[in-house]
2 protein chains.
Amino acid sequence: MNMDVIVSHINSYVSLNEEEVRALSSALISKTIKQGELIVESGEPARYMIFMNAGYVMTYYTDKEGFDHVIQFASTGWWSGDLYSLSENVPTIYSTRALSAGEVLLFPKAAQDQLLDKYPKFERYFRILFHNALMRLQFRIIENYSATAESRYLSFRERFPGMEQHVSQKHIASYLGITPEFLSKIRKKLQQK
Amino acid sequence: MNMDVIVSHINSYVSLNEEEVRALSSALISKTIKQGELIVESGEPARYMIFMNAGYVMTYYTDKEGFDHVIQFASTGWWSGDLYSLSENVPTIYSTRALSAGEVLLFPKAAQDQLLDKYPKFERYFRILFHNALMRLQFRIIENYSATAESRYLSFRERFPGMEQHVSQKHIASYLGITPEFLSKIRKKLQQK
DNA sequence: GTAAAATCTTAACCTGGTTCAATATCTTTC
DNA sequence: GAAAGATATTGAACCAGGTTAAGATTTTAC
């Protein structure tokens, strides 16, 4: 199993010793993903946090009318997964789908709990991880309030370089909270500039 | 200093022993607040996390045109403060203002770092705290995308019972991301039902 | 206790973004 | 490589929510 990406990610916050790397390694499950594959399906309780070793995925939920709403993209070096479902053990409302071939590391809830109990360094890592995610999300909320759809689109392209090639326009529109038709108009307008 | 609220909050996640409570207690600074008082002013680096012992506060940022945008309310038992400014040591863009008389506990950054180093239990507490805040914020993002202003207003009233009496309509409107005029229309419509 | 300031309401008009429907393009699949 | 299905574009009608401005009500300050 290729541990390079995750270990260097974790080491940017805390510094793991050999034993901790080994413990982490034996907790993780590597999984190759194919383009279009459903990694997590809504309706069952989430069992893993998902770390991207390579490739792109998106997480979305499907409303009562059957429309998908994309709430997150993730690429190499990012975590994904439904924290709420994981911790409360309720069925997740989100599905996660591969947008390209790649590899993910699955981190089962039980193994995570064990690791957290045994090695306080992981407590610290996840504290900082959640802390940072929280800051980013706060920023996104502000952005959503104050910015227009066009500028949100531009900032999507900045924040997820390369992602646009892998995602259909309708999913980008969904992530931005607008209709595909309107995104189409925005792109046309931007080209003319 | 009244430690009841904060200790019982923390004990709902981890279980503090006497020494830990003592250490926490000596790290905190109690401050009485008056209605309308500015607790944190934007422009200076944030130095504290803020725990509400009693009363109500709101956090907002002021844009280039001078308009305030409310991003958070907090009442008894909630944390407030700018995590980004605290951790990156940059000037905060948010101001925090008391909406009623009350009491806050200020938790200085340096003291927090010390506590985290010495007592892993606090790592765990903050890991869970941030984790939960993250879940709530994810939910709020979905809500903002899919729900109409009217239903966001209704869900504001549910989530912050009693808050409406302390906050001016224009600040509620700001929190909901709409104009005060439009909130006025919504309220009128709801009354007629 | 009254004047000034702030907040709230109402109404007419405006705009960013949606809906629907028709056409065009790109992908699959056999 | 043709047919079918998905995805993207365009345009017209429409709607949620914004803007502006004026009046009504409440709060604040002296």
Side-chain angles (χ1 to χ4, degrees), chain A residues 34-38 56 58 60 62-70 73 95 97-101 141 143-157 163-193, chain B residues 34-38 56 58 60 62-70 73 97-101 143-157 163-193:
Chain A
K34 281 181 282 198
Q35 177 168 10
E37 181 181 350
L38 249 191
Y56 298 90
M58 68 173 185
Y60 58 96
T62 307
D63 66 23
K64 311 112 210 163
E65 283 97 35
F67 295 109
D68 292 346
H69 300 260
V70 176
F73 294 111
S95 301
R97 189 180 290 276
L99 295 167
S100 72
I141 287 210
E143 192 178 42
N144 285 173
Y145 277 142
S146 49
T148 168
E150 180 176 327
S151 80
R152 271 183 282 146
Y153 170 60
L154 292 172
S155 109
F156 157 80
R157 293 207 300 197
M163 184 70 77
E164 204 167 5
Q165 281 71 39
H166 297 281
V167 193
S168 69
Q169 213 137 293
K170 84 176 192 186
H171 288 136
I172 297 174
S174 171
Y175 175 79
L176 296 174
I178 59 177
T179 57
E181 290 91 337
F182 191 58
L183 179 52
S184 194
K185 282 172 203 173
I186 290 175
R187 298 186 81 211
K188 189 180 172 194
K189 189 179 150 215
L190 288 173
Q191 275 171 13
Q192 286 168 350
K193 275 186 182 162
Chain B
K34 282 182 282 198
Q35 178 168 8
E37 180 180 351
L38 250 191
Y56 298 90
M58 69 173 181
Y60 58 96
T62 308
D63 66 22
K64 311 110 211 166
E65 284 97 38
F67 294 108
D68 292 347
H69 300 260
V70 176
F73 294 110
R97 190 180 291 275
L99 295 167
S100 72
E143 193 178 42
N144 284 174
Y145 276 142
S146 50
T148 168
E150 179 176 328
S151 81
R152 273 182 280 148
Y153 169 61
L154 292 172
S155 109
F156 157 82
R157 291 206 301 199
M163 183 72 75
E164 205 168 4
Q165 280 70 39
H166 297 281
V167 193
S168 70
Q169 212 136 295
K170 82 176 194 187
H171 288 137
I172 297 175
S174 171
Y175 175 80
L176 296 174
I178 59 177
T179 56
E181 291 89 342
F182 191 57
L183 179 52
S184 196
K185 281 184 209 173
I186 290 174
R187 300 185 81 210
K188 190 183 174 193
K189 190 180 150 216
L190 288 174
Q191 275 172 11
Q192 287 169 348
K193 276 188 182 163

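Proteins come first, then strands; the chains are lettered A, B, ... in the order of their sequence lines, and each starts at number 1.
- Per the geometry, CG belonging to Leu99(A) stands 12 Å off P belonging to dT7(D), to the nearest Å.
- The CD1-P distance, from Ile178(B) to dG17(D), rounds to 8 Å in whole Å.
- Remark: Tyr56(B) OH to Gln35(B) CD distance equals 12.0 Å, nearest 0.5 Å.
- For Thr148(A) (side chain) and Ser151(A) (main-chain N/O), no donor-acceptor pair under 3.5 Å exists by modelled atom type.
- Side-chain atoms of Arg97(B) do not come within 3.5 Å of backbone N or O of Met58(B) as any donor-acceptor pair.
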Between the protein and nucleotides 27-30 of chain D, which nitrogen or oxygen pairs are less than 3.5 angstrom apart?
none

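- Put simply, NE2 on His171(B) and CE on Met163(B) are 13.0 Å apart, with the number rounded to the nearest 0.5 Å.
- Here the P atom of nucleotide dT15(C) and the CD atom of Glu150(A) are 17 Å apart, to the nearest Å.
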Using a cutoff of under 3.5 Å, can you pull out all pairs of nitrogen or oxygen atoms linking the protein to nucleotides 6-12 of chain C, with atom names and distances?
{"from": "dT7(C)", "atom 1": "OP2", "to": "Lys170(B)", "atom 2": "NZ", "distance (Å)": "2.8"}
{"from": "dC8(C)", "atom 1": "OP1", "to": "Gln169(B)", "atom 2": "N", "distance (Å)": "2.9"}
{"from": "dC8(C)", "atom 1": "OP2", "to": "Gln169(B)", "atom 2": "N", "distance (Å)": "3.2"}
{"from": "dC8(C)", "atom 1": "OP2", "to": "Lys170(B)", "atom 2": "N", "distance (Å)": "3.1"}
{"from": "dT9(C)", "atom 1": "OP2", "to": "Gln169(B)", "atom 2": "NE2", "distance (Å)": "2.3"}
{"from": "dT9(C)", "atom 1": "OP2", "to": "Ser184(B)", "atom 2": "OG", "distance (Å)": "3.1"}
{"from": "dT9(C)", "atom 1": "O5'", "to": "Ser184(B)", "atom 2": "OG", "distance (Å)": "3.3"}

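- Proximity of Tyr153(B) to Leu183(B): side-chain heavy atoms (C-beta onward) are separated by under 4.5 Å at one or more points.
- For the pair Ile186(A) and Ile178(A), the minimum side-chain heavy-atom distance is below 4.5 Å.
- The distance from the CZ atom of Phe156(B) to the CG atom of Leu176(B) is 7.0 Å, given to the nearest 0.5 Å.
- If you check every strand for non-hydrogen atoms under 4.0 Å, Gly177(B) touches sugar and phosphate atoms only.
- For dG17(D), one of the phosphate oxygens OP1 or OP2 lies less than 4.0 angstrom from a side-chain nitrogen or oxygen of Thr148(B).
- Remark: Ser155(B) pairs with Glu143(B) by the side chain to side chain donor-acceptor pair (under 3.5 Å) rule, at least two apart or across chains.
- Applying the 4.0 Å criterion to OP1 and OP2 of dT18(C), one finds that Thr179(A) has a side-chain N or O inside that range.
- Distance, Leu176(A) CG to dG16(C) C1': 15 Å, rounded to whole Å.
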